[in-house]
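Shown next, in structure tokens, is the structure this report addresses.
Convention: sequence-line order gives letters A, B, ...; per-chain numbering from 1. Any value given below was found using the heavy atoms of this structure, including those in side chains, with hydrogens, waters and symmetry copies removed.
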Protein chains: 2
Amino acid sequence: MGADLLVTLDAVIVAVTGVQPRVLTVAGTPPALPSGPLSVADDETLELGMRRVIGEQTGVEVGYIEQLYTFGDRERIRSPGGPRVLSIAYLALVREASTAPEARWIDWYALLPWEDHREGVPAILTDHVLPRLSDWADQDVDRRARVSVSFGVDTPWDPIRALERYELLYEAGLVAEAIRDRRDDRPVPPTGVEMASDHRRICATALGRLRGKLTYRPVVFELMPDEFTLSELQRTVEALVGLRLHKQNFRRLVDREHLVEGTGRHAPSTGGRPAELYRFRRSVVGERPRPGMRLPPFRG
Amino acid sequence: MGADLLVTLDAVIVAVTGVQPRVLTVAGTPPALPSGPLSVADDETLELGMRRVIGEQTGVEVGYIEQLYTFGDRERIRSPGGPRVLSIAYLALVREASTAPEARWIDWYALLPWEDHREGVPAILTDHVLPRLSDWADQDVDRRARVSVSFGVDTPWDPIRALERYELLYEAGLVAEAIRDRRDDRPVPPTGVEMASDHRRICATALGRLRGKLTYRPVVFELMPDEFTLSELQRTVEALVGLRLHKQNFRRLVDREHLVEGTGRHAPSTGGRPAELYRFRRSVVGERPRPGMRLPPFRG
DNA sequence: TAAGTAATGCTCAGATAGAGCAAAAGGATG
DNA sequence: CATCCTTTTGCTCTATCTGAGCATTACTTA
């Protein structure tokens with residue numbers, strides 16, 4: 001026992017450029033997350049091992065890093081005769097999008113298009129996903145309830161439920177991976193870019209976790225440059241949460257939590273009144289219990 | 001590679017009896033969490049493997065189970081020449097406290113005595129821990145800030161920071177494990193019951209996670225019998241959170257969230273007005289986005 | 001019958017969240 | 001130079017939520 005087991009470290013590396021959140025992938029068909037075996041002998045800690053793998057595969061230096069989840073179902077990765085694979089997944093946040101040539105950034109919402117509600121409920125959801133989910137859940141009270149909460153049918157849409165939503169789509173056979181894993185021959189559904197193995201599930205896990213963490217830890221600032229305007233900050237949060245926020249209330253929040261401090265200087269104008277540049281007040285972390293950005297549908 | 005690696009599944013199994021939260025341990029000195037190797041060949045999923053290990057070692061049938069964290073630092077478990085150990089830890093909740101003979105329940109607050117603030121700030125904290133932490137953090141701005149947030153010196157006490165607190169105590173050499181791991185010969189500090197390996201750290205992780213989860217998922221009910229009074233429910237929540245709650249406001253909360261429904265019947269009286277028996281409304285999970293018990297110091 | 005005890009019901013002030021109006025400070029346009 | 005356009009910034013108003021306490025009810029016990 002233990003002989004035919006492989007432990008890999010997989011990373012969901014996230015950056016936000018402009019209004020678009022992106023995930024770093026390694027080229028291939030389908031694209032995959034950066035991933036490499038744990039070096040049992042050399043990696044002092046799992047986190048250091050993860051940093052090593054990320055460095056080797058992408059050339060990116062990541063700052064913030066956090067363990068996400070360990071995936072180890074036996075049938076997860078179907079390579080007959082191969083070892084059983086245990087994947088320890090991490091979430092990493094980076095500021096810039098410089099990469100090694102084999103690595104490329106994919107829009108997060110190209111992977112999980114139903115998660116982006118910034119322009120209202122996306123068409124893929126109303127026109128494609130929901131009708132099919134509704135068929136799939138028909139006659140089954142339990143499925144109906146799950147679809148309802150996860151996709152906010154009678155309840156508000158909850159951004160952090162990204163994983164539940166992906167899992168429902170997988171179960172209902174509405175993502176490419178489900179069809180592939182079942183060796184089905186149905187046409188590939190138009191529900192976002194397929195990924196290798198269960199990497200899209202890992203991405204969904206990461207998205208939900210990150211959205212949740214935003215509310216009680218100032219993780220957004222790991223994605224921001226040193227100085228930024230409040231609008232840029234808001235656009236970044238919106239990009240992650242997949243929702244539009246009320247501008248004045250967003251400022252009030254950031255203000256009340258003392259998350260930032262003004263620099264007195266102003267950003268080069270982009271058409272309207274010039275915005276003041278702010279920087280993150282690192283000391284909040286040592287001052288307030290749960291500094292973060294309360295999100296709109298934080299409760300029902 | 002992979003040859004000298006052992007993957008174990010460790011469980012923090014929690015029950016609440018009366019006002020006391022308890023953790024199931026296997027006998028030994030020091031006591032340890034139920035733990036066993038993942039069967040690479042037989043365990044279909046990690047969770048099923050965990051259930052198998054729990055059943056084998058404790059005879060307990062657990063209902064709710066949730067993956068906590070994967071621990072894998074190379075120097076974690078010091079057995080020279082032995083394999084490197086990767087531990088996937090789970091949190092499990094059970095209703096009753098029946099066990100196999102080799103297993104025994106330990107009060108959670110015997111392990112982490114500084115976490116119980118139901119009777120006010122515990123003496124161990126004010127008289128022992130805080131003075132020593134203050135010495136340890138003296139002259140070091142960074143340490144001071146960490147102590148301050150984690151232990152609520154100038155900020156409110158935050159129940160979910162249990163792991164941070166344990167880690168600070170470990171770093172400051174204020175728990176038995178720290179002294180043991182450093183092969184130090186200082187006297188054993190009076191800061192709760194020592195556990196094997198890093199199991200007390202795992203317990204702290206579990207406590208923090210459970211406290212957090214209470215606020216947005218109705219997990220308490222996994223610890224309650226089918227029918228209970230609102231006072232019993234409150235006492236259970238208080239036991240986990242380690243804080244007293246305002247009775248009337250607690251009822252209002254439970255009420256507003258539609259978490260329970262009355263049965264019309266009443267509990268055998270215990271001295272005052274007989275309390276109505278309630279049961280969990282399972283359907284809330286399908287109705288509201290984040291049903292749970294908002295906790296008092298939920299924000300600063 | 002009165003006293004004790006816990007459950008339950010209700011009120012009230014302060015804080016928060018959601019939404020919108022209005023003024024301010026630039027650039028672009030004529 | 002005045003006007004319009006755009007975005008930032010400041011402020012207000014209301015509904016809701018939270019924390020805290022008082023009052024009443026329904027039992028048991030003395």
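- Within 4.0 Å (heavy atoms only), A/S231 reaches sugar-phosphate atoms of the nucleic acid but no base atom.
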B/S/- contact track for nucleotides 21-28 of chain D, protein heavy atom under 4.0 Å: BB--BBBS

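- Here the side chains of A/R244 and A/H117 are not in contact, with every heavy-atom distance at 4.5 Å or above.
- The shortest side-chain heavy-atom distance between B/M293 and B/L245 does not fall under the 4.5 Å cut-off.
- Applying the salt bridge (Lys or Arg N to Asp or Glu O under 4.0 Å) test to residues at least two apart or on different chains, the pairs with a partner in residues 262-276 of chain B are B/E227-B/R265.
- The nearest whole Å value for the distance from the CD atom in A/E276 to the C1' atom in C/dG26 is 15 Å.
- Atom CG of B/L245 and atom C1' of D/dT18 are 13 Å apart (whole Å).
- Straight-line distance from the CG atom of A/L230 to the P atom of C/dA24: 20 Å, rounded to whole Å.
- At whole-Å resolution of the value, CZ in B/F250 and P in C/dC10 are 20 Å apart.
- Classification of the B/F221-B/F280 ring pair by plane angle, with boundaries at 30° and 60°, yields parallel.
- Remark: side-chain polar atoms of A/Y166 are not paired, donor with acceptor, to backbone N or O of A/T205 under 3.5 angstrom.
- Put simply, the side chain of B/P291 reaches to within 4.5 Å of the side chain of B/L259, judged on heavy atoms.
- Distance, A/M293 CE to C/dT16 P: 16 Å, rounded to whole Å.
- Taking 4.0 angstrom as the limit, B/R256 places a side-chain polar atom (N or O) nearer than this to OP1 or OP2 of D/dT18.
- Atom CD of A/Q234 and atom P of D/dT9 are 12 Å apart (whole Å).
- Rounded to whole Å, the distance from CZ on B/R290 to P on D/dC17 is 16 Å.
- The nearest whole Å value for the distance from the CD atom in A/E257 to the C1' atom in C/dA15 is 13 Å.
- A salt bridge is defined here as a Lys NZ or Arg NE, NH1 or NH2 lying under 4.0 Å from an Asp or Glu carboxylate O, and B/E115 with B/R211 meets this definition.
- Remark: the A/R252 side chain and the C/dG18 base include a donor-acceptor N/O pair separated by less than 3.5 Å.
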